[in-house]
Asks: 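Encoded as structure tokens, here's the structure I'll be asking about.
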Amino acid sequence: GLAGNPDKQIPTSNTTPPPAEPAAKVASPSTDNPADPPKSTAEALKPAAAGPAIPGLPERVWVVELKTSKGDILLALDHKAAPVTVQNFVQYVQNGFYDGTIFHRVIKGFMIQGGGFTPNLQQKPTRDAIDNEASNGLKNLRGSIAMARTNNPNSATAQFFINHVNNAGLDFVQGVNPGYAVFGSVLKELEVVDAIAAVSTTTKGMFQNVPVEPVIINSAKIIQQPKP
């Protein structure tokens with residue numbers, strides 16, 4: 001994780017921190033709310049459902065296209081379940097914020113995280129953080145997209161992650177886990193997500209799990225707005 005207080009150190013256990021969004025200019029990494037990746041990758045890689053776990057496709061959702069250096073990803077966004085999160089994400093897309101950013105944190109059998117850094121790992125300035133909508137009933141299933149955040153549940157800004165496997169440990173549980181807010185899912189095939197998850201990674205400075213060769217979001221654009 002790249003969030004939280006600079007004085008926290010990485011534990012020596014093999015826990016994988018959940019998707020965390022770095023605070024600006026954090027000097028050293030920390031791990032907040034460690035979450036173990038699924039024990040059985042083969043089992044977790046089974047799709048949770050035949051298609052996106054969002055009802056009402058395709059007319060009633062936002063559709064966003066991420067053109068990446070590994071191929072194109074189509075996302076269906078559920079603005080009814082996650083109105084604040086979708087509005088926030090759509091605004092970043094419309095402003096061109098994600099164009100030229102990278103997937104800076106890639107963990108096969110867990111998730112791929114991006115949308116906050118340039119290829120030289122410079123963090124982009126964001127708008128204010130949004131409220132956490134993780135209690136909306138949408139789950140962190142394989143192919144779902146959710147917001148990254150720090151250990152403060154209401155700290156998400158621009159960074160997002162796509163679940164490579166079913167990650168129930170990231171889901172909202174009343175009184176137990178504030179969860180990570182899912183706001184959509186990948187439409188159609190997950191080959192590009194799988195291709196990104198499979199790249200070689202390394203450590204660069206305070207950043208862990210960084211693709212050796214940058215995986216770039218060349219552009220993000222709105223393909224469809226929901227019909228009323």
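Note that the coordinates shown come from a computational prediction; the quantities given were computed from them, not determined experimentally.
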Asks: Taking atom CG of Leu74 and atom CD of Glu189, what is their separation to the nearest 0.5 Å?
Replies: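 Answer rounded to 0.5 Å: 9.5 Å.
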
Asks: For residues Ala156 and Ala148, report the shortest heavy-atom separation together with the two atoms involved.
Replies: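 Reported closest heavy-atom pair: CB-O, 3.3 Å.
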
Asks: For a quick test of reading the model, state the closest non-hydrogen atom pair linking Gly143 to Leu190 and the distance between them.
Replies: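 Result for this residue pair: CA-CD2, 3.7 Å.
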
Asks: Kindly say whether Phe97 contributes a backbone atom to a donor-acceptor pair with the side chain of Lys124 at under 3.5 angstrom?
Replies: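 Yes; judged by distance alone, with no hydrogens or angles, the pair exists.
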
Asks: Quick check: does any side chain N or O of Tyr92 sit under 3.5 Å from a backbone N or O of Gln159, one acting as donor and the other as acceptor?
Replies: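 It does not hold such a pair.
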
Asks: Without swapping roles, check the side chain of Asn140 against the backbone of Gly169 for a donor-acceptor pair under 3.5 Å.
Replies: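 Side chain of Asn140 to backbone of Gly169: no pair is present.
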
Asks: Measuring from Thr68:OG1 to Ile102:CD1, what's the distance to the nearest 0.5 Å?
Replies: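 Here the rounded value is 12.5 Å.
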
Asks: Distance-only, no hydrogens or angles: does the Arg149 side chain make a donor-acceptor pair with backbone N or O of Ile130 under 3.5 Å?
Replies: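 No.
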
Asks: Only distances under 3.5 Å count here; give the side-chain donor-acceptor pairs of residues 81-91 to other protein atoms, sequence neighbours excluded, each with its distance to 0.1 Å.
Replies:
residue	atom	partner	partner atom	Å
Thr85	OG1	Glu133	OE1	2.6
Asn88	OD1	Arg127	NH2	2.9
Asn88	ND2	Thr157	O	2.8

Asks: Please test Asp194 against Arg142 for salt bridge (charged side-chain N to carboxylate O under 4.0 Å, His left out), starting from the C-alpha separation and ending with a verdict.
Replies: CA-CA 10 Å; Asp194 290 338; Arg142 168 166 161 81; 2.9 Å; yes

Asks: Please name the pair of heavy atoms, one in Gln224 and one in Val61, separated by the smallest distance, quoted to 0.1 Å.
Replies: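 Heavy atoms only, the tightest pair is NE2-O, 3.0 Å.
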
Asks: List the atom of Pro178, the atom of Ala134, and the distance in Å for their closest heavy-atom pair.
Replies: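 Scanning both residues, the minimum pair turns out to be O-CB, 3.2 Å.
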
Asks: To the nearest 0.5 Å, how far apart are CZ in Phe103 and CD1 in Ile196?
Replies: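 Atom-to-atom, Phe103:CZ and Ile196:CD1 are 4.5 Å apart.
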
Asks: Taking the side chain as everything from C-beta on, heavy atoms only, tell me whether Leu141 gets closer than 4.5 Å to Ser185.
Replies: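 No; the side chains remain at least 4.5 Å from each other.
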
Asks: Hey, could you give me the CG/NZ distance between Asn136 and Lys80, rounded to the nearest 0.5 Å?
Replies: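 Going from CG on Asn136 over to NZ on Lys80, the span is 14.0 Å.
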
Asks: Over all heavy atoms of both residues, which pair between Leu66 and Ala220 is shortest? Give the atoms and the distance, please.
Replies: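 Scanning both residues completely, I find the closest heavy atoms to be CD2-CB, 3.5 Å.
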
Asks: Any side-chain heavy atom of Trp62 sitting closer than 4.5 Å to one from Gln225?
Replies: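 Touching, per the 4.5 Å side-chain cut-off.
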
Asks: List the steps, then state whether side chain to side chain donor-acceptor pair (under 3.5 Å) holds for Asn163 with Ser144.
Replies: CA-CA 6 Å; Asn163 286 289; Ser144 62; 2.9 Å; yes

Asks: Could you tell me which residues satisfy salt bridge (charged side-chain N to carboxylate O under 4.0 Å, His left out) with Asp72, sequence neighbours excluded, listed by chain and number?
Replies: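 Here the qualifying residues are Lys67.
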
Asks: Give a yes or no on whether the backbone of Tyr180 and the side-chain of Asp171 come within a donor-acceptor separation of less than 3.5 Å.
Replies: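 Not a single qualifying donor-acceptor pair exists.
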
Asks: Run the numbers on Leu170 and Phe110 for side-chain contact (heavy atoms from CB on, under 4.5 Å), then give the verdict.
Replies: CA-CA 11 Å; Leu170 302 182; Phe110 187 31; 4.0 Å; yes

Asks: So how far is it from Asp131 CG to Ser155 OG, rounded to the nearest 0.5 Å?
Replies: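 OG of Ser155 is found 11.0 Å from CG of Asp131.
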
Asks: Are Leu77 and Val192 connected into the same hydrophobic cluster when the rule is that any two of I, L, V, M, F, W, Y join if their side-chain heavy atoms are below 4.5 Å apart?
Replies: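 Yes: a chain of side-chain contacts under 4.5 Å links Val192 to Leu77.
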
Asks: Would you say Asn154's side chain and Ala129's backbone share a donor-acceptor pair under 3.5 angstrom?
Replies: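 Here the side-chain-to-backbone pair does not exist.
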
Asks: Of the non-hydrogen atoms in Gly179 and Asn132, which two are nearest, and what is the gap between them?
Replies: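 Of all heavy-atom pairs spanning Gly179 and Asn132, the closest is O-ND2, 3.1 Å.
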
Asks: Please confirm whether the backbone N or O of Thr201 pairs with a side-chain atom of Asn209, one donor and one acceptor, at under 3.5 Å?
Replies: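 Judged by distance alone, no pair lies under 3.5 Å.
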
Asks: Side chains of Val199 and Val106: does their closest heavy-atom pair fall under 4.5 Å?
Replies: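 With C-beta onward as the side chain, the pair touches.
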
Asks: Check whether any side-chain heavy atom of Ile73 lies under 4.5 Å from a side-chain heavy atom of Ile162, and answer yes or no.
Replies: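 Yes, at least one pair of side-chain atoms sits under 4.5 Å.
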
Asks: When you compare the side chain of His104 with that of Lys204, does any pair of heavy atoms fall below 4.5 Å?
Replies: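 When only atoms from C-beta onward are counted, His104 and Lys204 do not touch, as no gap falls below 4.5 Å.
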
Asks: Output the distance between atom CG (Asn218) and atom CG (Asp99), rounded to the nearest 0.5 Å.
Replies: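 CG of Asp99 is found 8.5 Å from CG of Asn218.
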
Asks: Show your working on side-chain contact (heavy atoms from CB on, under 4.5 Å) between Val64 and Ile222 and close with a plain yes or no.
Replies: CA-CA 5 Å; Val64 170; Ile222 306 295; 3.7 Å; yes

Asks: Phe183 vs Phe160, test: ring-ring contact (aromatic ring centres under 6.0 Å, His included). Steps then yes/no.
Replies: CA-CA 10 Å; Phe183 62 99; Phe160 60 88; 7.5 Å; no

Asks: Is any side-chain heavy atom of Lys139 closer than 4.5 Å to a side-chain heavy atom of Val182?
Replies: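 Heavy-atom side-chain distance check fails, nothing below 4.5 Å.
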
Asks: Take Asn152 and Thr150 through the side chain to side chain donor-acceptor pair (under 3.5 Å) test and state the conclusion after the steps.
Replies: CA-CA 5 Å; Asn152 169 9; Thr150 68; 5.1 Å; no

